[in-house]
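A, B, ... follow the sequence lines: proteins, then strands. Residue 1 opens every chain. None of the values given here were measured: they were computed from a predicted structure.
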Amino acid sequence: MPDKRDLRSQLIAADRSLAHQRLPPVAVQRIANAISRELDHHPRSRWIPMATFVAGAALVLVFLSYVGGVGLSAQDEGPTSLALQTVVSGADCHRDPGEALRLRGACEVVMYDPGIRIQTIARADFSIEAQRMRVHQGSVLFDFDKVVGEPIRVHVPGGEIVVVGTRFRVMVDGAGGQVDLYEGRLEFRADDGTRTPIGAGQTFEFGRAHATVTGQPKGPDPRPPPPISVPAAEPDPRSPAAPSGARPKQTSPRPHQPTAQPATQLEQPSTERDAGALIEEVQQLERQGEYARAATVLERALDLAWPDRTGDVLSNELGRILARRLGDRDRACEHWARHLRRFPSTRYRRQIDPSIVTLGCAEAEVSVDLRQTER
Amino acid sequence: MRSGSQVLPSVTAQGDEIDCRARVQWLYRHHRDEVYRLALRYGRGDPTFAEDVTQDVFVTLCRTIDGLEDWNDLGRWFYRVTHNRCLSRMRKSAARSARATRWLLGRPAEVDDGSRALHCTGLRQVFGVVDTLPPKQRIAFCMYYIDGLEQAEVGEILGCSKSYVCKLIKRARATLAAAGWEMTDA
């Protein structure tokens, strides 16, 4: 039974418990679309821009000819400079002169297309030029609306962080630093080409010599946890050796071993729903053009225990990406051979056989069964 | 809900005036979570209710943005509109779930989906107490006791007189007292 004394203090406490709640990312996008539709269809939104355009036509033409056609409108076609769409504020914010936007101190930067909000903490050193951002020093908090099209890149010592819509903090200290991801997904691309996905609630350290440890979830995340998480382990032997000073510290699991991170959806996958979520994630990556990453996600997933039927589906997806999307003949042939050994009664024989022929996989690479069916 | 710390820029770093769409987007980014949280309070933690209210508020913003005067004090505007949208939805919900309406439309009683309510049983019980009040009483009560507004301010937001607000709060207290709850004054 609840304590019936002093309802007011209980109500206030209950209300404060909602203080951490944020509008879920899916709702953020849905409502943003509704706002956009409302602005497009509202009668006023038609004639005001038209009237402004007529009145300022000559001035706009002069402006466009001066800056080369770059503007603030979300309807502009072609690449636009991030630096030209920013609003900078902050009492202790110092802006260096020059074409690139270079900020030092405590600043707040707001961009409109795409919607980005950036806060730099005191003594931070941060710059924006063309389509790139760079954290030189200090701590910077990023809050992105969903980025459509070319991902935005944040350069840091040792690599770059690729952003497609998320909320995270980057801290750079000398030659290294870390990124704390609160929402969404990121990928760290080291200078040596290694790519490491980062899930919500994780911390990734970059640019330092000593090994890093994956972070624990930092706080409530409105989105479900990522299906594959990256535990602390030795460097992935499949990735190329990194030159000294640029070694990525985030590590990937040993090949053919399950991940060590507890309590994820797919640690003991056995349900169609888990596979469905995984397929959805892979399809999303494919839509974004992230084929290598999609393949990596599937490769790691296939290390886990799946029912044969589900494993057959996932393995076929991987082979399709390797063969058609990445065009990696060697890996695709090797994968199809593994697939046919693991799933001799595969449902995708009619697709796999032509793929093997098209790729020109050597007879020794594929199952004996294939040679028998070709007769 | 305060927006004083967030100054809506009127021009870009290059001196170009920001258009209506950009202003709305800026306001959406800076106020959406506050609106959402406020709506969660009256929706008993139901995210669907809160999301719908949030959308209503910002669609209203799109329609009335030309008439807004003080761009740098829109916190009060959002507070007022969010409360009015919550009140409107709560009234519709109460009307839909009234016995006579259900009988007329042939609908069964709505089942309280526990998965949509606040995760903590204690919080659910506390908000559940206030949930028994009629919508306008509930809102006036929360604005007065949780947000600490004066009765005149509550009346201004709800569009009624101070004396009527006083009456609403008294009735709410009487209802809660009858259920055994005690209230300390704000």
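- Inter-residue side-chain proximity for B/Glu51 and A/Pro24 is flagged as met; some heavy-atom pair is nearer than 4.5 Å.
- B/Cys62 SG to A/Ile35 CD1: the interatomic distance, rounded to the nearest 0.5 Å, is 5.5 Å.
- The number of heavy-atom neighbours closer than 6.0 Å to NZ of B/Lys136, taken from other residues, nucleotides and ligands shown, is above 12.
- The closest side-chain heavy-atom distance from A/Ser36 to B/Gln25 is not below 4.5 Å.
- B/Thr54 contributes atom OG1, which lies 9.0 Å from atom CZ of A/Arg30 (distance to the nearest 0.5 angstrom).
- Counting only distance, with no hydrogens or angles, the side chain of B/Arg37 and the backbone of A/Gln21 share a donor-acceptor pair below 3.5 Å.
- The distance from atom CZ of A/Arg8 to atom CH2 of B/Trp181, rounded to the nearest 0.5 Å, is 15.0 Å.
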Test B/Tyr28 against A/Leu23 for side chain to side chain contact (heavy atoms under 4.5 Å, CB included), laying out the working first. CA-CA 11 Å; B/Tyr28 177 57; A/Leu23 192 63; 3.8 Å; yes
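- Rounded to the nearest 0.5 Å, atoms CD1 (A/Ile31) and CG (B/Asp52) are 8.0 Å apart.
- Side-chain contact between A/Asn33 and B/Gln55 is absent, with no heavy atoms from C-beta onward closer than 4.5 Å.
- Once rounded to the nearest 0.5 Å, the distance linking CG of B/Leu40 with CG of A/Asp15 reads 10.0 Å.
- Residues B/Tyr145 and A/Leu7 fail the side-chain proximity criterion, which asks for heavy atoms closer than 4.5 Å.
- For B/Arg63 against A/Glu38, the heavy-atom pair with the smallest separation is NE-OE2, 2.8 Å.
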